[in-house]
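Keep in mind that this is a model prediction, so the values were computed, not measured. Counting starts at 1 for both ligands and their atoms, in listed order.
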Amino acid sequence: LWPVESGGLRPDTLWEIDPHLPAQLREIVAAAADIGDAACLLVAQSGDRHVHLDPLVVTKGETTTWCSFGELVLDRDEVTTVPGMAGVPVQGPYGLRAALLLSHKTSTNLPAADLLLRTQAARLEAILARSATTLTSIEQTAATLLAMLAAHEPETVHHARRVRRLSRPLGLAAGLKSRALWELELAALLHDVGKISIARSVLKKAGPLSVRDWVQMRQHPSVGERIVRTMPALEVLCAPIRHHHERWDGEGYPDRLRRDAIPLGARLLALADTYEVLRTGRLYRTPLSREEALAEIQANAGAQLDPNLIDLLPPLGESSADWS
Ligand SMILES: [Fe+2]
């Protein structure tokens, strides 16, 4: 499931997802700069064929100069020195490649630059590996919870995966970045995890729910919140999970929050959740076309859904695979 299915955890976004990483990287680049005059950490953003280098941290100097030297270092894949510059390749998790470079006055001889750069590169690799391990363990925890839910009721997990696929472009359109986007995707995957407490007979009921069923059903957001709260790494998901059935007009559950008092993540989840249900249908309601679903969403704007967010839905790319 993870990280293969994750849109968020890619090598080039590792430092955006891990809040501790940027400061640690800056500290290492500053230490490298102390060896010479300036230093730079370049990261290889690999497309299909081309390797494009992006400066992650630069103490000073021309980006183009750093980049062309960085390419040389990555090409050679070993400690490289040219007059005035020295560089070392860095190997990170998930195939991440980077280059730690420093520049110095051409007149200065830096006999120990090799060793010092290697030391900093080793520190970098250790930090990147630790960061990836932390993020992976969070994702594995989420995957374990989902596997438990799937054992109880597989369709809820299929639904959650489709909501996750919608949540990323929706979050991007709402201006969320890196860490917030990653959290939204995780929350989308786990938003209904509390349904593990609901009887299968209720979840699979081929008709309207009874009052008694609804009492059970309405507990799933708070049950889900209690489940993720037991895991410190997932605590940040508590709010979007607890509040994904709140309504813009304050008539939702469990806390009857209104409007902006509902966390943004929960409002985005509500939108993705509602759209997914309309598009795929349920035992007692037929699937709607994209146009019909959007019309229904429009009709719910300002009542159930945040009217300021619904316009973010139409540009979403949809392939038939999204609904498999
Ligand atoms: Fe739900």
Side-chain angles (χ1 to χ4, degrees), residues 142-143 145-168 170-171 183-229 234-258 261-285 287-288 293 296-297 300 303-306 309-310 313 322-323:
L145 287 176
L146 273 190
M148 289 166 71
L149 182 59
H152 179 61
E153 217 287 282
E155 180 43 41
T156 305
V157 174
H158 297 320
H159 157 73
R161 289 190 173 136
R162 289 187 293 259
V163 173
R164 185 193 78 75
R165 284 199 284 269
L166 283 167
S167 71
R168 184 174 177 80
L170 205 51
E183 287 169 1
L184 180 69
E185 284 190 78
L186 276 177
L189 270 177
L190 295 177
H191 73 282
D192 276 341
V193 73
K195 285 191 176 171
I196 201 158
S197 68
I198 299 175
R200 272 172 67 89
S201 57
V202 175
L203 292 175
K204 301 197 73 88
K205 203 162 194 176
L209 299 181
S210 68
V211 173
R212 194 181 224 187
D213 295 339
W214 268 115
V215 170
Q216 245 197 86
M217 193 62 120
R218 281 166 171 261
Q219 284 170 358
H220 81 271
S222 42
V223 171
E225 183 212 357
R226 283 209 298 281
I227 290 172
V228 299
R229 195 176 284 288
L234 296 182
E235 209 176 341
V236 68
L237 309 180
C238 286
I241 290 175
R242 181 177 178 89
H243 298 298
H244 76 275
H245 282 291
E246 304 287 358
R247 290 171 54 105
W248 185 251
D249 59 13
E251 297 297 313
Y253 58 93
D255 297 320
R256 297 176 69 92
L257 297 184
R258 295 182 74 230
I262 307 167
L264 176 62
R267 280 179 277 143
L268 288 167
L269 278 188
L271 184 54
D273 190 12
T274 305
Y275 184 72
E276 194 284 331
V277 170
L278 292 171
R279 287 286 279 123
T280 52
R282 286 295 178 264
L283 288 168
Y284 49 91
R285 62 185 296 172
L288 300 183
E296 178 104 16
I297 294 267
N300 277 322
Q304 183 207 348
L305 300 165
D306 180 347
L309 296 180
I310 55 160
L313 266 179
D322 288 338
W323 308 105

Query raised in the report: Any idea which heavy atoms bring Ala266 and Ala239 closest together, and the distance?
Result: CB-O, 4.4 Å
Query raised in the report: Between the side chains of Glu225 and Ser222, is a donor N or O closer than 3.5 angstrom to an acceptor N or O?
Result: no
Report summary line: Quick note, ring-ring contact (aromatic ring centres under 6.0 Å, His included) partners involving residues 196-224, not counting sequence neighbours, are His220-His244, His220-His245
Query raised in the report: So which protein N/O/S atoms does the Fe ion (ligand 1) have within less than 2.8 Å?
Result: Asp192 OD1, His220 NE2, His244 NE2, His245 NE2
Requested in this report: Looking only at non-hydrogen atoms, find the nearest pair between Leu149 and Ile196 and report the distance.
Outcome: CD1-N, 3.7 Å
Query - Gap between atom CZ of Arg165 and atom CG of Leu170 - 0.5 Å precision - result: 15.0 Å
Report summary line: Nearest heavy-atom approach of Pro263 to Leu257 is CD-CD1, 4.3 Å
